[in-house]
**Student:** 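Provided herewith is a single structure, encoded as structure tokens, for subsequent inquiry.
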Amino acid sequence: MKQGLVGIHMIVQNEEHYLPRCLGSFQSLASECFVTDTGSIDRTVEIAGQHQATVLHAKWDEDFASARNISLPLASTDWILCVDADEYAVEGIDELLAFLPTVEPSITKLRVTIINRIGEQEQANVLFQPVRLFRAGRGYRYNGRIHEQLFRGTTGDKDRAITAGASVESELPTEIAKGVFVEQEPLAPLVIMHDGYLPSTMATGHKPRRNLKLLQKQLAEQPEHPFHLYNLGVTYCQLGHVERATEAFAQSLQSTPLEAPYRPTLVRDYGKVLIVLERYDEAHGLLAAERQHYWGYADLHLLFGETLQQQGLEERAYQVYAEAVEHHTDNGTSENIAKIELQSTSDKGHGVQSEPAYVTEQGSTTYKPYTAMGRLAQKKGFLQEAAQLYKLALAKMPTYTPAWRGLADVLQQSGEPDKRIAEQLQMQWKEGLQREDVEVNHRITEVVQALASCGAYEQALHLLQEQDRNHGIPEADLVHWMLCVNRVSAVQEWAERQYRDGEDHLVFKASELKMDWAVACWAHGSVLSSSFLAVIDPEESSTWRALDSLLCDQDKYIIQQDGDSQKIITSQVAAGVRTLAKTIIERAVQTGQLSLAKRLHMKIAELYVEPHERSLHKQWIAEVLYRTGYTMAAAEMLIQCMAEGELQAQSLFILGETVYTRGHYDQALVLFQQALEQEPGLQRARAGASLCYLQLAKEVIEQEVTRSPSVAELKAQLTVLEQKLRLAEGLPWRTVFHAKERRNHVAEQSHFAMHDR
């Protein structure tokens, strides 16, 4: 006799960290709970007992399905819900209790919504809808050592297994979708969060190594099985073996039938790793074909758009991003998880959908394509359109950081003063408050960070003054912003006060905060304080003291020479000083402290014995200046270096790009060619050289058209060249300058054009 509606069934091993949260979240739903322990040595069994769970003990025999099947015959409830310890219910329990009694008897399996967290950001989630609920006593069992699959029948009835796809995020440590994934089952009103595969957890490598071992055993039993090959690729991605993952995905795709439920996710993950490996032609071929099979799968549109961008096809990429919005299938995974629209079994054919519920990144149908389109529009100079697209993204996800930063960036590019940028961002924030119930401090934090990202540090700090101290901005960020607006005394005072009043000095272990404190001291003309030296690791102390003395002219330093008894800095210490100085110089340039950067550069140049070494150091400085937006100062330094000797390939490219920007294509071509002679694999220089040829050819034809305007063939050739130029300009070869760097284009920098003494 059935004694309840829903029973929770799970297998565990050493889950004391996750188990209380999991069991507590399902407490109001479950009439019974079975926890099969496979050999825990922590408090897992004790915690399960405290939550009134029935604990079953089983020896772990490297078979998830075998362990999961142990509790199924013991169920006394109508429905079984299978979960893992690193999952917990976030919504829909009351709705589920009301929903299940209405399900028609012929329906024996139900899907639920799983939110897989893949990052610390609120919106860093992958959504999918596996079968997790099924009727007890209907012969359902699991099969498979790993990524176990639900099937109905006898133990030997393998043909009726429902293969479940796992999902991979190739740029990040990945999550494994433990549930069952099938087509056409109704969606139950239950939302579960899964965070066991966060990057911080995956960094240990324990789960991927365990999974690899089990998959290898599974493949030994079932060689070349496409489902297991797919999951092998997932595991290789988790272990950082991306090339191996690509091979496994390719092999799996060759033999996976088109109707396999996990196949769309296989295509998605295969496309992602191809993009990571910059194999864009292969990614293009794969995604162009497979999008036709899964037109409602927005993730494939996004990946295809990214591939097209990398190939320079920006206009086509824009169209594809728009297709992700316009042609997606509403599969029940709303962008706002709290407002998922639920279908009863009486609606739409008992909840059956025309397309499967894909494994999808949150935001794939709205704020992610809107933001991608905004970036393209901004690059093309359509600034109003870009701003509107960023706002559309924020309307769908008011805490989406890339959209906030994109909006701030495009407003700065439009010529808006910082005060006006702050006003418009706050206006957007207030509009979001009316749509979403999101914590105010968190949302205002996005505005503050966006202001800082576009270089409006004064406005960011001013806005923070109006907030309480629970604004969530790291102290290191605040110190950095103060330094960027030249509040060096305030930074020193804050650091000294923090050292004096704070009981925990670990905050100063952060390298960025430590660097900014040192930059503030030296920019103010002060030596490093005793407080600063007290928080330095002992093994670093001699290097910091030597650099401090060198910069503040306390002693005259020379490098140890062979047979020279008059040494003050040994060769080893000098090497450490040079390394530390490069870090300080880069930080000084980033914070606009160019005078300090120049002074330190001149001092460090004295520590290089060979002229060639001094030239390389000077070229490195120029590259730092260029990346930070001080393009004229960088170009002048590189021209000096060129007059004194040979430039490195990267320096030649930077100078070539600078000359190209000013329309001197013949000079730029020479520089790009010289860079390629040194480094033939420098693709950016190759693209630049190609553009120079096109630009020079265009100039020649334009001259001929002027001389012979009636020759139609010349005009046709000119049109073709202009089309090729637009395509080539779309290739990602140019240095990308955002708002902070654009500000430095016009900042005072001539005093950095210096000569070695």
Side-chain angles (χ1 to χ4, degrees), residues 119-125 318 321-322 324-325 334-339 361-468 470-474 477-478 481 484 738-740 742-743:
E120 301 301 332
Q121 300 86 2
E122 176 186 346
Q123 62 275 0
N125 302 314
Y318 188 96
Y321 288 136
V325 177
S334 169
E335 305 304 346
N336 181 3
I337 299 302
K339 296 182 179 179
E361 289 189 17
Q362 186 176 350
S364 292
T365 62
T366 51
Y367 57 87
K368 288 185 177 178
Y370 283 141
T371 302
M373 293 163 69
R375 288 174 180 148
L376 285 174
Q378 184 177 356
K379 183 178 178 181
K380 293 293 186 181
F382 303 119
L383 303 186
Q384 289 185 344
E385 179 183 348
Q388 185 59 34
L389 286 162
Y390 291 135
K391 290 178 181 180
L392 285 172
L394 291 172
K396 294 296 183 180
M397 176 55 71
T399 58
Y400 190 48
T401 300
W404 277 114
R405 297 192 174 192
L407 181 57
D409 191 85
V410 77
L411 290 173
Q412 192 278 335
Q413 188 175 357
S414 302
E416 296 282 8
D418 289 351
K419 184 176 180 181
R420 179 60 180 158
I421 295 173
E423 290 173 352
Q424 292 201 44
L425 292 183
Q426 289 182 80
M427 187 182 306
Q428 183 68 34
W429 165 64
K430 290 175 182 177
E431 291 178 4
L433 286 179
Q434 299 173 2
R435 292 188 297 268
E436 299 288 342
D437 184 18
V438 181
E439 185 181 352
V440 173
N441 282 333
H442 179 72
R443 293 277 298 286
I444 201 68
T445 298
E446 295 290 352
V447 174
V448 173
Q449 294 280 19
L451 286 169
S453 74
C454 76
Y457 299 111
E458 286 283 10
Q459 292 297 325
L461 292 168
H462 177 73
L463 185 56
L464 279 180
Q465 291 176 356
E466 303 174 359
Q467 309 299 313
D468 59 37
N470 297 320
H471 46 64
I473 303 292
D477 287 351
L478 295 176
W481 299 347
C484 287
H738 295 294
K740 286 191 290 188
R742 287 195 300 268
R743 292 172 185 268

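Not measured: the values here are computed from a predicted model.
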**Student:** Could you tell me the separation between the NE2 atom of His738 and the CD atom of Gln413, rounded to the nearest 0.5 Å?
**Tutor:**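 So the gap between those two atoms works out to 10.5 Å.
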**Student:** With sequence neighbours left out, what residues match Glu385 under salt bridge (charged side-chain N to carboxylate O under 4.0 Å, His left out)?
**Tutor:**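 In terms of salt bridge (charged side-chain N to carboxylate O under 4.0 Å, His left out), with neighbours along the sequence ignored, Glu385 is linked to no residue.
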**Student:** Using the side chain to side chain contact (heavy atoms under 4.5 Å, CB included) criterion, which residues pair with Gln388? Sequence neighbours excluded.
**Tutor:** Lys391, Leu392
**Student:** Which heavy atom in Trp404 sits nearest to a heavy atom in Pro398, and how many Å separate them?
**Tutor:** NE1-O, 2.8 Å
**Student:** List in chain and number order the residues that pass salt bridge (charged side-chain N to carboxylate O under 4.0 Å, His left out) with Arg375, two or more places apart in sequence or in another chain; answer none if no residue qualifies.
**Tutor:** none
**Student:** Taking only distance into account, with no hydrogens and no angle test, what donor-acceptor pairs under 3.5 Å do side-chain atoms of residues 455-463 form with protein atoms, sequence neighbours excluded?
**Tutor:**
from, atom 1, to, atom 2, distance (Å)
Glu458, OE1, Arg487, NH2, 2.7
His462, NE2, Glu466, OE2, 3.4

**Student:** Under the side-chain hydrogen bond (donor to acceptor under 3.5 Å, both in side chains) test, which residues partner Thr401, sequence neighbours left out?
**Tutor:**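 Partners of Thr401 by the side-chain hydrogen bond (donor to acceptor under 3.5 Å, both in side chains) criterion, ordered by chain and then number, come out as Glu446.
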**Student:** Can you list the residues that meet the side chain to side chain contact (heavy atoms under 4.5 Å, CB included) rule with Ala739, with sequence neighbours excluded?
**Tutor:** Asp409, Gln412, Cys454, Arg742
**Student:** CG of Leu411 to CG of Asp418: how many Å apart, nearest 0.5 Å?
**Tutor:** 10.5 Å
**Student:** Shortest non-hydrogen contact from Ser453 to Arg405?
**Tutor:**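 Closest approach of Ser453 to Arg405: OG-CG, 3.6 Å.
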**Student:** Tell me, please, which residues at least two apart from Lys379 pass salt bridge (charged side-chain N to carboxylate O under 4.0 Å, His left out).
**Tutor:** Glu314
**Student:** Within this structure, what is the CD-CG distance for the pair Gln449 and Leu451, rounded to the nearest 0.5 Å?
**Tutor:**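 Reported to 0.5 Å precision, the distance equals 10.0 Å.
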**Student:** Quick one, Gln378 with Tyr390, criterion side chain to side chain donor-acceptor pair (under 3.5 Å). Give me CA distance, side-chain angles, the key distance, then yes/no.
**Tutor:** CA-CA 10 Å; Gln378 184 177 356; Tyr390 291 135; 2.9 Å; yes
**Student:** In Å and rounded to the nearest 0.5 Å, what is the CZ to OG distance from Arg420 to Ser414?
**Tutor:**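 So the gap between those two atoms works out to 11.5 Å.
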**Student:** With sequence neighbours left out, what residues match Glu416 under side-chain hydrogen bond (donor to acceptor under 3.5 Å, both in side chains)?
**Tutor:**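 Glu416 satisfies side-chain hydrogen bond (donor to acceptor under 3.5 Å, both in side chains) with Gln424 only.
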**Student:** Using every non-hydrogen atom in the two residues, find where Ser364 and Ala324 come nearest and quote the distance to one decimal.
**Tutor:**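 Nearest heavy atoms, Ser364 then Ala324: O-CB, 3.9 Å.
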**Student:** Just how far is it from atom CD1 of Ile444 to atom CH2 of Trp429, taken to the nearest 0.5 Å?
**Tutor:**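 Going from the CD1 atom of Ile444 to the CH2 atom of Trp429 covers 3.5 Å.
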**Student:** Hey, what do you get for CD1 (Ile473) to CH2 (Trp481), rounding to the nearest 0.5 Å?
**Tutor:** 4.5 Å
**Student:** Hey, does Lys396 have a side-chain heavy atom less than 4.5 Å from the side chain of Val325?
**Tutor:** no
**Student:** Report yes if some heavy atom in the side chain of Tyr321 is under 4.5 Å from a heavy atom in the side chain of Leu389; otherwise report no.
**Tutor:** no
**Student:** Tyr400: which residues meet the ring-ring contact (aromatic ring centres under 6.0 Å, His included) condition with it, sequence neighbours left out?
**Tutor:**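 In terms of ring-ring contact (aromatic ring centres under 6.0 Å, His included), with neighbours along the sequence ignored, Tyr400 is linked to Tyr367.
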**Student:** Begin from the C-alpha positions of Met397 and Thr399 and carry the test side-chain contact (heavy atoms from CB on, under 4.5 Å) through to its verdict.
**Tutor:** CA-CA 5 Å; Met397 176 55 71; Thr399 58; 3.4 Å; yes
